Amino acid sequence: QVHVVESGGGSVQPGGSLRLSCAASDYSLAFYNIGWFRQAPEKEREKIGCISSIDGRAEYADSVKGRFTMSRSNVENVVYLQMNSLKRDDTARYYCAAAYGDKCPPFTRIVSADFDSWGQGTQVTVSS
């Protein structure tokens with residue numbers, strides 16, 4: 001089972017940018033769909049989206065569409081979440097999760113149970 005680790009979180013002002021990374025050192029991520037989720041204090045986990053292994057296509061939640069972009073580098077064995085135009089509401093702990101397969105489900109059908117391996121998360125705080 002692949003083990004994924006997130007990094008890149010931090011504190012940023014509204015309107016700023018951050019790039020999160022999801023890396024694995026034990027298995028190639030090339031065969032895994034990668035989902036991104038976030039959870040703010042006292043809120044339910046929210047799915048951000050999923051990037052497919054076979055073609056790198058990604059689907060996004062409406063709350064982040066146009067501001068967040070997922071990408072993957074099989075050479076580096078990393079999946080990225082580029083976050084631009086950050087808002088205070090984006091403050092949360094961000095998690096990546098891996099599911100062996102070639103294509104993510106349609107966004108509305110993505111559920112946490114689809115993913116076998118979860119990282120510990122990285123904190124993103126957006127404040128002035």
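No experiment lies behind these values; they were computed from the predicted model shown. We number each residue from 1, following the sequence as shown.
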Donor-acceptor contact present, side-chain [X] to main-chain [Y], <3.5 Å:
X      : Y      : value
Asn33  : Ala97  : no
Thr122 : Glu6   : no
Ser28  : Ala30  : yes
Lys47  : Gly35  : no
Thr91  : Val126 : yes

I want to check something: taking the side chain as every heavy atom from C-beta on, are Ser63 and Glu46 in contact at a cut-off of under 4.5 Å?
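Yes, side chains in contact.
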
Could you check whether any side-chain heavy atom of Thr69 comes within less than 4.5 Å of a side-chain heavy atom of Asn84, counting everything from C-beta outward?
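Side chain of Thr69 against side chain of Asn84, heavy atoms only: no contact under 4.5 Å found.
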
[atom2] on [Y] to [atom1] on [X], rounded to 0.5 Å:
X     : Y     : atom1 : atom2 : result
Ser11 : Leu18 : OG    : CG    : 8.5 Å
Arg19 : Gln82 : CZ    : CD    : 7.0 Å
Ser17 : Leu86 : OG    : CG    : 6.0 Å
Arg67 : Asp90 : CZ    : CG    : 4.0 Å
Ile34 : Cys96 : CD1   : SG    : 6.0 Å
Lys43 : Asp89 : NZ    : CG    : 5.5 Å

Identify the two heavy atoms, one from [X] and one from [Y], that lie closest to each other, and give their separation to 0.1 Å.
X      : Y      : result
Tyr95  : Gly119 : CD2-O, 3.6 Å
Phe115 : Cys50  : CZ-SG, 4.1 Å
Asp102 : Ser52  : O-CB, 3.6 Å
His3   : Ser117 : CA-OG, 3.8 Å
Arg45  : Ser112 : NH1-OG, 3.2 Å
Asp114 : Pro105 : OD2-CG, 3.8 Å

Same apolar cluster (I L V M F W Y, side chains within < 4.5 Å links), [X]/[Y]:
X     : Y     : answer
Ile51 : Tyr60 : yes
Ile48 : Tyr80 : no
Val12 : Leu20 : yes
Tyr27 : Val79 : yes

Does atom CZ of Phe107 have more than 12 heavy-atom neighbours, drawn from other residues, nucleotides or ligands, at distances under 6.0 Å?
yes

Answer yes or no: are there more than 12 heavy-atom neighbours, outside Lys103 itself, under 6.0 Å from its atom NZ?
yes

Could you please spell out the steps behind the side-chain contact (heavy atoms from CB on, under 4.5 Å) verdict for Tyr100 and Val2?
CA-CA 9 Å; Tyr100 188 83; Val2 66; over 6 Å; no

Do Phe37 and Trp118 have ring centroids that are under 6.0 Å from one another?
yes

Among side-chain atoms of Arg88 and Ser128, is any donor-acceptor pair under 3.5 angstrom?
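Yes - a donor-acceptor pair under 3.5 Å links their side chains.
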
By the definition side chain to side chain contact (heavy atoms under 4.5 Å, CB included), identify the one residue from Val64, Val124, Leu81 that meets it with Arg38.
Val64

Using side-chain contact (heavy atoms from CB on, under 4.5 Å), reason through Ser53 and Phe31 one step at a time and then give a plain yes or no.
CA-CA 6 Å; Ser53 65; Phe31 306 105; 5.6 Å; no

